[in-house]
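In each ligand, atom 1 is the first atom listed, and ligand 1 is the first ligand listed.
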Amino acid sequence: MVAAQLAQRGIRDRRVLAVMARVPREWFLPPHLHAEAYEDTPLPIGSGQTISQPYIVALMTAALAPRRRDRVLEIGTGSGYQAAILAHLARRVYTIERRPDLLVEAEERFRRLGLTNIETRLGDGAAGWPEEAPCDGILVTAAAPAVPPPLLAQLASGGRLVIPIGDLSMQELVIYERTPSGIEERRAGGVRFVPLISRLAFTEGDWG
Ligand code: SAM
């Protein structure tokens with residue numbers, strides 16, 4: 001997976017490649033999907049949600065570029081796979097999921113893998129995690145029509161926020177960076193995610 005799907009498609013960050021080789025993706029999937037764990041495709045994890053495609057996990061992690069000392073926030077825990085990857089790269093990971101069934105399963109996986117530097121929260125991630133703000137990096141693994149303002153507000157100086165922005169059918173991966181001169185924005189290609197569901201941040205009209 002690492003050689004054929006990640007390195008060959010342009011993922012250069014060695015730390016990201018090493019961690020993706022080490023974290024067993026099948027542990028984050030239901031047993032009947034274990035045989036497909038290393039295919040470069042998103043897979044269903046129940047409740048109509050998905051574990052992201054390995055290439056997209058690698059792309060978003062490389063765009064976030066977490067350092068050892070960083071505290072990072074993930075919105076959309078899902079299976080817990082992305083949080084587990086981040087937990088090997090950063091000091092502490094805060095992850096928020098709105099579905100209790102998925103969160104309970106992800107917490108059990110973190111326990112079994114001995115990942116003690118992940119803190120979880122059940123709720124609407126569009127509000128961020130104000131008690132732990134500011135965070136050095138914020139990764140949103142669900143699509144939004146626009147950046148929820150609390151997330152940008154909770155981004156530390158020098159920090160990056162990576163989020164798929166677009167409509168329900170297609171989005172672009174956008175990277176916001178808080179620099180001394182303000183927020184800088186760059187784009188990293190097309191992606192397709194399930195929607196970020198937030199009464200707090202959006203109305204139906206926001207999706208266009
Ligand atoms: N990061 C996950 C993984 O590694 O398996 C994949 C995330 S999945 C593509 C998107 C997740 O975002 C779903 O589990 C969904 O329930 C969750 N979600 C959607 N809206 C949310 C919100 N407002 N706050 C927190 N989680 C949300």
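Contact between Ser47 and ligand 1 is absent, with no heavy atom of the residue lying under 4.0 Å from the ligand. For the pair Ala84 and ligand 1, no heavy-atom separation below 4.0 Å is found. Note on ligand 1: Leu200 sits outside its first shell, no heavy atom being nearer than 4.0 Å.
Residue Glu74 has at least one nitrogen or oxygen atom sitting less than 3.5 Å from a nitrogen or oxygen atom of ligand 1, judged on distance alone. Polar contact with ligand 1: present for Thr141 (N/O pair, distance under 3.5 Å).
The protein heavy-atom contact nearest to atom 15 (C) of ligand 1 is Gln49 OE1, 3.3 Å. The single protein non-hydrogen atom nearest to atom 12 (O) of ligand 1 is Gly76 CA, 3.3 Å, given as residue, atom name and distance.
With values rounded to the nearest 0.5 angstrom, Arg178 atom CZ is found 12.0 Å from Glu184 atom CD. Summarising the geometry, atom CD1 belonging to Ile56 is positioned 6.0 Å from atom CZ belonging to Phe193; distances are rounded to the nearest 0.5 Å.
Asp136 places no side-chain N or O within donor-acceptor distance of the main-chain N or O of Ala156, the cut-off being under 3.5 Å.
We find that Glu105 and Arg109 are joined by a salt bridge, their nearest charged nitrogen and carboxylate oxygen being less than 4.0 Å apart.
Screening Val147, Val191, Leu173 for a side-chain contact (heavy atoms from CB on, under 4.5 Å) involving Ile165 leaves a single residue, Val147.
Closest to atom 24 (N) of ligand 1 by heavy atom, among Gly125, Ala142, Ala126, Pro42, is Gly125. The nearest non-hydrogen atom to atom 16 (O) of ligand 1, considering only Glu97, Gln53, Arg192, Arg98, comes from Glu97.
When heavy-atom distances to ligand 1 are checked against a 4.0 Å cut-off, Ile51 comes that close through both its backbone and its side chain.
Side-chain N/O atoms of Glu97 and Thr77 include no donor and acceptor closer than 3.5 Å.
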